[in-house]
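Remarks on the structure that follows.
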Amino acid sequence: MTRAVGILGLGHYVPEKIITNTDMEKIVETSDEWITERTGIKQRHIAAPEEATSDLAYNAAVEALKDAGVAPEELDLVIVGTASSDYIFPSTACLVQARLGAKNAAAFDLAAGCSGFVYSLAVASQMVKSGLYNKILIIGAETLSRIMNWTDRNTCVLFGDGAGAAVVGEVEEGYGVLGIDMGADGNGGKFLLQPAGGSRNPASEETVAAKDHTIHMNGQEVFKFAIQIMGKTAKRALAKANMKPEELDMLFPHQANYRIITSAAKRLKLPMDKVWVNVDKYANTSAASIPIALCEAQKAGALKKGDNIILDGFGAGLTWAAIVLKWSK
């Protein structure tokens, strides 16, 4: 008999340093009005020079474990969804596993761009459901500031640093994960990528000079993709959960752009008071955005046991994923 699986605890961490839109005006040719109107972003958190992705992930993980009442030794697996890992190898998950003292846990990174946390939850939930593992720590963590071109006003205003974590395990029957939808279209990979640093285009003087180790994005194409796929993947996940959009208590969308978020809400016919929005405070933190939002909502008392919620993301790859849960905490 398979088990009901859900989230046992949440945690998040954002760096102390904040760069506002007014600060951005001093870095590139832009304005607070331009950024706000097009994205809804007002500020973003930026990692300190001594902070890497694993540091942000660790801080979020400690809080999630405490919230779940789970000791590091109880973990069977650590998954980190990230596009800005400390190193190409070893994985950031291994670094976090060691620092936590999760000596009984396997560990790996998951690369699905901004969909990374939802993908991680899908993988973890099925491993627990099958009985393979009992408790899994999943983390979405990014230090995108390290791979941004700070002279490109079309991208550098969009992203921020942060981490969100969740402990996944068995929950009461009828609660937890009810429906999952995941997908990818690699044909769109060229629209959002870091061109250099891998085996296709190794580091050289030329790649560094061309700033090919930074985020390159065709914003128009990504926007068109996002406003279509967010609604589609959410509806497919809801269908798998035998649920209608009007039964949802809260939508937790990837926090990339306010216009994309409102488009997703409109496609699900949800009022904005049922949509968690914090893109104004954190900008796009990629794989960290949805778990940060979840943790924030829990701390604000906006989540109660029995609430029907949906996590809805898209990202580099291009990827997408949505998960419906009946909240069990």
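Looking only at side-chain heavy atoms (C-beta outward), I180 and L121 stay at 4.5 Å or farther from each other. Side-chain atoms of V62 and L100, non-hydrogen and from C-beta on, do get closer than 4.5 Å to each other. Using a 4.5 Å heavy-atom cutoff, the side chains of Y13 and E51 are in contact. The side-chain heavy atoms of P291 and L10, taken from C-beta on, include no pair separated by under 4.5 Å. H213 is not listed as a side-chain neighbour of I147, based on a closest heavy-atom distance of 4.5 Å or more. Two residues are said to be in side-chain contact when any heavy atoms from C-beta on lie closer than 4.5 Å; L192 and N218 fail this criterion. For the pair R267/Q228, a side-chain contact is recorded, criterion being any heavy-atom separation below 4.5 Å from C-beta on. Side-chain contact between D152 and T214: absent, with no pair of heavy atoms (C-beta onward) separated by less than 4.5 Å.
Within the 3.5 Å criterion, the main-chain N or O of A102 finds a donor-acceptor partner in the side chain of Q97. A donor-acceptor distance shorter than 3.5 angstrom exists from the side chain of N59 to the backbone of D55, with no hydrogens or angles considered. When atom types are taken as modelled, the side chain of Q255 and the backbone of V279 share a donor-acceptor pair closer than 3.5 angstrom. Formation of a donor-acceptor pair under 3.5 Å by the K211 side chain with backbone atoms of V208 is not found in this model. Judged by distance alone, with hydrogens and angles left aside, the side-chain atoms of W150 form a donor-acceptor pair with the main-chain N or O of S145 at under 3.5 Å. A distance-only check finds no donor-acceptor pair linking the side chain of R99 to the backbone of Y58 [under 3.5 Å]. The backbone N or O of V28 lies less than 3.5 Å from no partner atom in the side chain of R153, so there is not a single donor-acceptor pair. Counting only distance, with no hydrogens or angles, the side chain of T262 and the backbone of Y258 share a donor-acceptor pair below 3.5 Å. When atom types are taken as modelled, the side chain of T233 and the backbone of M230 share no donor-acceptor pair closer than 3.5 angstrom.
Looking at S54 and T92, their side chains never bring a donor and an acceptor atom within 3.5 Å of each other. With no hydrogens or angles considered, a side-chain donor-acceptor pair links T82 and E142 at under 3.5 Å. For the residue pair S85 and D109, no side-chain donor N or O sits within less than 3.5 Å of a side-chain acceptor on the partner. Side-chain contact check for S31 and E33: no donor-acceptor pair (N or O, by modelled atom type) lies under 3.5 Å. No hydrogens or angles considered: nothing links the side chains of Y133 and Q126 as a donor-acceptor pair under 3.5 Å.
Here OG1 of T143 is found 9.5 Å from CE of M148. Values are rounded to the nearest 0.5 Å. Distance check: K26 NZ to I19 CD1 gives 10.5 Å after rounding to the nearest 0.5 Å. Expressed to the nearest 0.5 Å, how far CG of D86 lies from OG of S91 amounts to 9.5 Å. Annotation: the span from D312 atom CG to K232 atom NZ amounts to 13.0 Å, rounded to 0.5 Å. Atoms CG and OG1, on L158 and T285 in that order, are 12.5 Å from each other to the nearest 0.5 Å. For the atom pair W34 CH2 and E25 CD, the distance stands at 12.0 Å (nearest 0.5 Å).
Cation-pi geometry between R44 and Y282 is not satisfied (NZ or CZ under 6.0 Å from the ring centre, within 45° of the ring normal).
Every residue meeting the side-chain contact (heavy atoms from CB on, under 4.5 Å) condition with K42, not counting sequence neighbours, appears here in chain and number order: N21, D32, T36, D280. For the ring pair (Phe, Tyr, Trp, His ring centres under 6.0 Å) test, no residue two or more places apart in sequence or in another chain qualifies with H216. With sequence neighbours excluded, the residues satisfying side-chain contact (heavy atoms from CB on, under 4.5 Å) with N104 are E73.
For the pair D67 and K329, the salt-bridge criterion is met [side-chain N within less than 4.0 Å of a carboxylate O]. The existence of a salt bridge linking D161 and K17 is excluded, since no basic side-chain nitrogen approaches an acidic carboxylate oxygen closer than 4.0 Å.
Cluster annotation: M243 is not connected to I309 through the hydrophobic network of ILVMFWY side chains, with a link wherever side-chain heavy atoms come within less than 4.5 Å. Each of I41 and I290 belongs to its own hydrophobic cluster when Ile, Leu, Val, Met, Phe, Trp and Tyr are linked at side-chain heavy-atom distances under 4.5 angstrom. Note: the hydrophobic cluster containing I18 does not contain F159 (ILVMFWY, side chain heavy atoms under 4.5 Å, direct or indirect links). Linking ILVMFWY residues whenever their side-chain heavy atoms come closer than 4.5 Å, directly or via other members, leaves V277 and F117 in distinct clusters. Under the 4.5 Å side-chain heavy-atom criterion for ILVMFWY residues, no single connected hydrophobic cluster contains both V177 and I310.
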Stepwise side-chain contact (heavy atoms from CB on, under 4.5 Å) check, S286 with L144: CA-CA 8 Å; S286 186; L144 296 174; 3.7 Å; yes

Residue pair I35, T30: steps toward the side-chain contact (heavy atoms from CB on, under 4.5 Å) verdict: CA-CA 7 Å; I35 298 168; T30 190; 3.5 Å; yes

Verdict with reasoning, T207 to S204, per side-chain contact (heavy atoms from CB on, under 4.5 Å): CA-CA 5 Å; T207 62; S204 66; 3.4 Å; yes

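By the neighbour-count criterion of 12 heavy atoms within 6.0 Å, atom OH of Y175 is densely surrounded, having more than that number from other residues, nucleotides or ligands. More than 12 heavy atoms of other shown residues, nucleotides or ligands fall within 6.0 angstrom of atom NZ in K240.
Among residue pairs with one or both ends in residues 291-307, those qualifying as salt bridge (Lys or Arg N to Asp or Glu O under 4.0 Å) are E63-K299, E172-K305, K281-E296, K304-D307; sequence neighbours excluded.
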Enumerate donor-acceptor pairs with a distance under 3.5 Å from any side-chain N or O in residues 314-321 to protein atoms, sequence neighbours excluded.
| unit_1 | atom_1 | unit_2 | atom_2 | d |
| --- | --- | --- | --- | --- |
| T319 | OG1 | A112 | O | 2.9 |
| T319 | OG1 | S115 | OG | 2.8 |
| T319 | OG1 | A316 | O | 3.4 |

Show every donor-acceptor pair shorter than 3.5 Å between a side-chain atom in residues 246-254 and any protein atom, with sequence neighbours excluded, or say none if there are none.
| unit_1 | atom_1 | unit_2 | atom_2 | d |
| --- | --- | --- | --- | --- |
| E247 | OE2 | K244 | N | 2.8 |
| D249 | OD2 | N308 | N | 2.7 |
| H254 | ND1 | S289 | OG | 2.7 |
| H254 | NE2 | N284 | OD1 | 3.3 |

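Smallest separation of non-hydrogen atoms from M217 and N154: CE-O, 4.5 Å. Contact detail for I227 and S263: the closest heavy-atom pair is CB-OG, 3.6 Å. Here the closest heavy-atom approach between residue L137 and residue V167 is recorded as CD1-CG2, 4.2 Å. In terms of heavy atoms, A287 sits closest to G81 at CB-O, 3.4 Å. Considering all non-hydrogen atoms of both residues, S125 and V5 come closest at O-CG2, 3.6 Å. Contact detail for A105 and V78: the closest heavy-atom pair is CB-CG2, 4.2 Å.
Shown are V80, T53, L110, I79; of these, the side-chain contact (heavy atoms from CB on, under 4.5 Å) with I139 is made only by V80.
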